[in-house]
Amino acid sequence: MLTQTQQDIVALIKRSTNILILPSAPIDGDSLGSALALYLTLKKLDKKITVVAEDAVPATYSFLPEIGSIHRELHFMRDLIVTIDCREDAQTAKFKHEIQGNKINIILTPNSNPLTKDHVSFSEGPIPFDCIICVDAGGVEQFGKLYDTSTELFNMAPVINIDHHASNTGFGKINLVDIMAPSTTTILMPLIQALNEGRDTQNNLMDADIATLLLAGLITDTGSFQNANTTPDAFALAAELIGFGARQQEIIRNIYKTKKLSTLRLWGRTLSKIQYDEKHKIVWSILTAKDFSEIGSSPDETEGVIDELMSNAPGSEVIFLVKEKGPTEVSCSIRTLSPTIDGSKIAELFGGGGHVQAAGFRLHGKNIEEASTFIVDTIRAYQKQRLGIFETEQKPVENIPAVLTAPLVVEEKPQQILQNTNAVENGTVLVSNEAPAPAPAPAPAPAPAPAPAPAPAALPPVVATLQTAQNIPTTENTPVAVPSSLPPPVAPTRINPAMILTAPERAIPSEIAK
């Protein structure tokens, strides 16, 4: 059962006699397959059909049926109408024309009142097309110069817009856009079947050539059924087309298994120029006119190379290929490795569009250096915002108060250092985070009775280890002042002794250093 939009398209095609078909640019298997399938179908309906493409057809698709019927330029003739206002002298005596060399003179002799050039006006007759069908195009900008030089066509003839891109702008009078369709060719299948109604089986519109063209669009747009837009319907439609005689192996052999030597060299050059921005998770390569000249190839041979970039870019999210197509013209293809990253939104930043995971655009007015810098910086900014990357610039702080820049020097007496020390373990001083309590004032003691000098005693472990940590020579006769008592141990914090005893802000008193 056809939708109302499909019924409107079928009705407009049936009553049209001269139809213009425009495939999108850059050309691919889906746009070519759609345009040529319509061409063959409508020719069987005795329509006058013209197919015009902005880009040259890549050699990869030279095997497709009726590929030679595609024109690069749009040529059509319109009548020139010369209008003479004779209201003031309705009765003219004579009217004739004469040819003088390359000129035609039209001579109008008035009867009574004079005629001047103000009575003469010129206009053009209607355009010859009574219907325009645009296939696989998200917007009119994908027709390039063809649209720029013939904008009036889109205003004077009804435009049928058939597409499956989510970024489609709905530029037609009738818009048949199915973003769930795996290819534009699959959208054409019910239309062709509807146009076939009432015809006998011997004159069936669907034949092996048309089925091959439709299947070519389906295979290329799904990446041979590997891309994310490969739905269960895609396999069902492919099976149906093969049932009509579509030559699947011919498509696979010519598009995926046959490559010119120049194409293989171009792929190698592209892969050798891969650039990777790990922080922003983008991978890209840039092909210049010099690259194409040295290899002996053209930008049309790059189809499929971006898929090689994808397979050689682990950890990336956005992959793009920039190609120089002219002195001030650059094209770019975009792929994303996750459906959560919308490649068509990235392409829209440059005036392009496409699918969620496959999109593209063109830039005019910039050379390859300017364009590539602009493209990379813009996609970096997009990824920075999407990934939430925040960068802070380290700028010197001016007018710093002197108190914040002066070195901090803290002098401690030997008694204070030892009071802050609780234990020494493996050459590491364990120091409390709490300040020691102030020592009580010593009470006066009676003078002790004279006693014989005691034998030298062994150094306490704490002092001995401190000396060892600082390489202070120790002898049995070296007197060392040891506090009468140490504060009770508390929860220690491990620090390096060198930071306590040798840092410039904690000068070692001369009594210990000796």
Side-chain angles (χ1 to χ4, degrees), residues 1-3 5-7 9-10 13 21 23-24 27-45 58 60-67 133 135-136 162-166 176-258 303-304 307 339 354-358:
M1 184 69 181
L2 295 182
T3 65
T5 301
Q6 291 171 324
Q7 294 177 23
I9 292 175
V10 171
I13 289 175
I21 299 175
S24 66
I27 276 184
D28 60 14
D30 193 21
S31 61
L32 277 177
S34 299
L36 292 174
L38 276 176
Y39 173 82
L40 289 177
T41 300
L42 301 183
K43 289 283 284 185
K44 289 184 177 183
L45 295 175
T60 304
Y61 299 109
S62 59
F63 74 97
L64 291 176
E66 294 294 332
I67 195 69
I133 304 178
V135 291
D136 201 42
I162 305 176
D163 187 34
H164 70 134
H165 294 95
L176 180 56
V177 180
D178 182 1
I179 63 174
M180 300 304 295
S183 68
T184 299
T185 56
T186 59
I187 302 176
L188 297 178
M189 291 179 63
L191 299 178
I192 294 174
Q193 292 169 352
L195 290 169
N196 190 59
E197 291 181 359
R199 299 173 64 90
D200 57 66
T201 56
Q202 293 182 349
N203 293 319
N204 196 326
L205 292 179
M206 184 70 74
D207 58 22
D209 283 347
I210 294 175
T212 298
L213 289 165
L214 296 176
L215 184 59
L218 176 58
I219 288 177
T220 54
D221 244 33
T222 58
S224 192
F225 303 102
Q226 298 178 72
N227 296 344
N229 62 332
T230 304
T231 62
D233 286 344
F235 292 105
L237 293 170
E240 185 178 353
L241 290 170
I242 292 174
F244 282 113
R247 298 181 290 274
Q248 176 211 13
Q249 290 305 311
E250 179 182 337
I251 297 169
I252 298 296
R253 182 176 65 254
N254 283 278
I255 295 179
Y256 295 106
K257 294 185 177 181
T258 303
E303 185 173 353
D307 298 320
H355 302 291
V356 171
Q357 292 188 253

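Looking only at atom types and distance, the side chain of N196 has a donor-acceptor partner in the side chain of N204 under 3.5 Å away. Remark: the T212 side chain and the D209 side chain contain no N/O donor-acceptor pair separated by less than 3.5 Å. No hydrogens or angles considered: a donor-acceptor pair under 3.5 Å links the side chains of H164 and D221. Looking only at atom types and distance, the side chain of S183 has a donor-acceptor partner in the side chain of T185 under 3.5 Å away.
Between I27 and P58, the shortest heavy-atom distance links the atoms CG2-CD, 3.8 Å. The two residues L2 and P190 have their closest heavy-atom pair at CD2-O, 4.1 Å. The shortest non-hydrogen separation linking A211 to M206 is N-SD, 4.0 Å. When every heavy atom of R247 is checked against every heavy atom of P65, the shortest pair comes out as NH2-CG, 3.7 Å.
By the 4.5 Å heavy-atom criterion applied to side chains, D207 and F244 are not counted as neighbours. Side chains of I219 and Y256 form a contact here, defined as non-hydrogen atoms less than 4.5 Å apart. Side chains of L214 and L237 form no contact here, defined as non-hydrogen atoms less than 4.5 Å apart. The side-chain heavy atoms of P182 and L218, taken from C-beta on, include a pair separated by under 4.5 Å. Residues L195 and L42 are in side-chain contact: their nearest non-hydrogen atoms beyond the backbone lie under 4.5 Å apart.
A donor-acceptor pair is defined here as one N or O able to donate and one able to accept, closer than 3.5 Å; such a pair exists between the side chain of S31 and the backbone of D28. For the pair E66 (side chain) and Y39 (backbone), a donor-acceptor distance under 3.5 Å is absent. Looking only at distances, a side-chain donor or acceptor of Q6 sits under 3.5 Å from a matching main-chain atom of T3. Between the side chain of D30 and the backbone N or O of T184, at least one donor-acceptor pair lies under 3.5 Å. The backbone N or O of L32 sits nowhere less than 3.5 Å from a side-chain atom of Y61 that would complete a donor-acceptor pair.
Each of V10, T41, L40 was checked for a side-chain contact (heavy atoms from CB on, under 4.5 Å) with I192, and the lone residue meeting it is T41.
The environment of I179 atom CD1 is sparse: at most 12 non-hydrogen atoms of other residues, nucleotides or ligands sit within 6.0 angstrom.
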